[in-house]
Amino acid sequence: MDEPHHSPTSWPDARAIAARAAVKEAAHAAPVMRPLSEALGQVLAAPLAALTDLPPFDTSAMDGWALAGPGPWRLPTDDKDQDHGILAGHGEAAALPDGHAVRIATGARVPPGATAVLRSEYGTAAGDGWLHASAAHPVVLGQDIRTRGQECRSGDQLLPAGTLVTPAVLGLAAAAGYDELPTVRRPRVEVLVLGDELLTEGLPHDGRIRDALGPMVGPWLRALGAEVTGTRRLADEADVVCAAVAGSSADVVVTTGGTAAGPVDHVHPTLRRLGAELLVDGVAVRPGHPMLLARLAPENRENRENRENRQNRENPESPQNPEGPGNSEESETPGPQTRPARHLVGLPGNPLAAVSGLLTLAEPLLRTLTGRPAPAPGPAPLAEAVQGHPRDTRLVPVAFRQDAAVPLRFNGPAMLRGIAVADGLAVIPPGGAERGTEVEVLDLPWSAIATEQLSYADQTRHAGQTRHADRALRTPQAGHRTPQASPRKDKPAGHGDGEDISPEEGPA
């Protein structure tokens, strides 16, 4: 790998590169068969085709009477048939002669010869052995009968591959005859938090600060569909960092910090040492421009020996793994893992800059590995003007108020106060954007959980359509908000928020 260069990739190009980086791995990944009870939140690895007709036989859509021919209809004389009739779950009943009727429950199998179902409230059994239909509700051929195959025929495609498995999908799969579903294997991700200055508990002291990324990055990756095998905190030592990356058996390693060119920034030297290929080395985005994406080299003897040595010397008290093995989740692929990680995403050490890296590089990479389609753009008008960087894209936390995106004040690279209450990140082009300008808004992964009854593709389309519909309904007030809608109190966005966005801005 060549020495690090200083020509950052544009933000749109960086996301496109990350989305393409794992196409080959995703195409060759074997699906994981999961019981329905364990498939919620997974992604279908293959189209869902019906294994049976739905319904599998003609059924009654209502409680009432199954009828044969025109009325009035003769009722059974058997007391049991008069009281209960045909119930759901019973086998096929005897054929119904013309001019006869029999009680039937919702979901019960319609007997041969039946031509319609009369709802209980529309019929009268006077006690003389005959059933009469209400004059206000004449019987129509086939009424209230769900015919076999009305919803689908066996072999019909019900859902495409890439559909998020929601409770509704589970219900459909069960009805269509499935006991288990083919799902995309969740990519295994290991998080390496770098930095001697980080504390894991208590208040900051003696120049050391709390680690905000360790508690945040793993759950964020899980929300993106990854199986996080563990979060390890490493000392700022070149050999320690190199051994950890070389020895990881995850599909993706995510590092935090150490992506710049300082004396204790060991990510670039580690990648050179391991013969990795830099796919993205810096992105023209603020915050977060020192982020990177690399394809790691296939396992070689040095990599294997490094991994085996690390595994032999690690223990719960090891200074390289202060969280211990209890932090790791149970793997979807049990047994020893011998293949090294395939990709590395290097996040900057500042918290909001790391979030920028997650959405710029990790999200597209994991989206491909989890088989999910790209979300549709979700533009929204800005409630305030936002100052831009002269050359780079800016990602600014925003909250939705009425029909507009309100920029949040705390948007500096080291700040989390804004993103903690944000609905998304607005993509501000170089040079900035005026009030009312429609900009793309990146949804946060948990903002979609409330609509999980939709497939992933439908969900993203729904989000964009809702925003457009809301704006159409409120056209006279477009861009308008109440004084309480924003904490900025009319302070121009981008000023005094603790972030220097001048061309001389330092690493973020």
Side-chain angles (χ1 to χ4, degrees), residues 35-37 39 44 46-160 163 165-181 453 455:
L36 296 186
S37 60
L44 291 180
L48 188 73
L51 301 180
T52 182
D53 296 342
L54 284 182
F57 41 78
D58 291 354
T59 62
S60 176
M62 292 288 171
D63 290 337
W65 293 270
L67 314 174
W73 301 271
R74 186 70 178 172
L75 292 170
T77 57
D78 184 272
D79 290 340
K80 182 179 178 181
D81 287 342
Q82 287 182 338
D83 292 341
H84 302 293
I86 304 171
L87 302 178
H90 289 195
E92 186 174 79
L96 191 63
D98 191 47
H100 284 66
V102 63
R103 275 280 184 186
I104 192 166
T106 301
R109 188 168 186 165
V110 173
T115 55
V117 169
L118 178 65
R119 302 184 187 190
S120 297
E121 60 268 31
Y122 295 163
T124 302
D128 58 358
W130 291 90
L131 172 69
H132 299 266
S134 166
H137 299 92
V139 175
V140 178
L141 183 67
Q143 75 177 27
D144 288 328
I145 293 178
R146 294 186 64 222
T147 57
R148 177 176 180 170
Q150 184 182 79
E151 186 170 0
C152 66
R153 286 291 185 181
S154 180
D156 286 354
Q157 180 174 316
L158 305 177
L159 296 169
T163 297
V165 178
T166 66
V169 169
L170 292 175
L172 176 61
Y178 285 86
D179 299 319
E180 57 183 11
L181 292 175
Q453 70 272 25
S455 73

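Pro111 has its side chain within reach of Ile86: a pair of non-hydrogen atoms, C-beta onward, lies under 4.5 Å apart. Counting heavy atoms from C-beta outward, Val139 and Trp73 have side chains that approach closer than 4.5 Å. Two residues are said to be in side-chain contact when any heavy atoms from C-beta on lie closer than 4.5 Å; Pro35 and Asp179 fail this criterion. Side-chain atoms of Ile104 and Val110, non-hydrogen and from C-beta on, do get closer than 4.5 Å to each other.
What you find for Asp98 and Pro70 is that their closest heavy atoms are OD1-CD, 4.3 Å. Across all non-hydrogen atoms, the minimal contact from Ala116 to Gly142 is CB-N, 4.0 Å. Heavy-atom minimum distance, Ala66 versus Ala114: CB-CB, 4.3 Å. A pairwise comparison of heavy atoms in Leu51 and Gly177 identifies CD1-O, 3.5 Å as the closest pair.
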Let's go through Leu158 and Cys152 carefully: what are the C-alpha distance in whole Å and the side-chain angles of both, what is the deciding distance for side-chain contact (heavy atoms from CB on, under 4.5 Å) to 0.1 Å, and is it a yes or a no? CA-CA 8 Å; Leu158 305 177; Cys152 66; 3.9 Å; yes
Show the numbers, then the answer: is there a side-chain contact (heavy atoms from CB on, under 4.5 Å) between Val117 and Leu67? CA-CA 6 Å; Val117 169; Leu67 314 174; over 6 Å; no
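Here Leu96 contributes atom CG and Thr115 contributes atom OG1; the two are 8.0 Å apart, rounded to the nearest 0.5 Å. Between Trp130 atom CH2 and Leu75 atom CG the span is 9.0 Å, to the nearest 0.5 Å. Within the model, atoms CG of Leu48 and OH of Tyr178 stand 4.5 Å from one another, a figure rounded to the nearest 0.5 Å. With rounding to the nearest 0.5 angstrom, the CG atom of Leu131 is 8.5 Å from the CZ atom of Arg103. Note that CG of Asp156 is 10.0 Å distant from CD of Glu151, once rounded to the nearest 0.5 Å.
For the salt bridge (Lys or Arg N to Asp or Glu O under 4.0 Å) condition, the pairs that include at least one residue of residues 108-135, sequence neighbours left out, are Glu92-Arg109, Arg119-Asp144. For residues 49-70, the pairs satisfying side-chain hydrogen bond (donor to acceptor under 3.5 Å, both in side chains) are Asp53-Arg148, Asp53-Arg153, Asp63-Thr106, with sequence neighbours left out.
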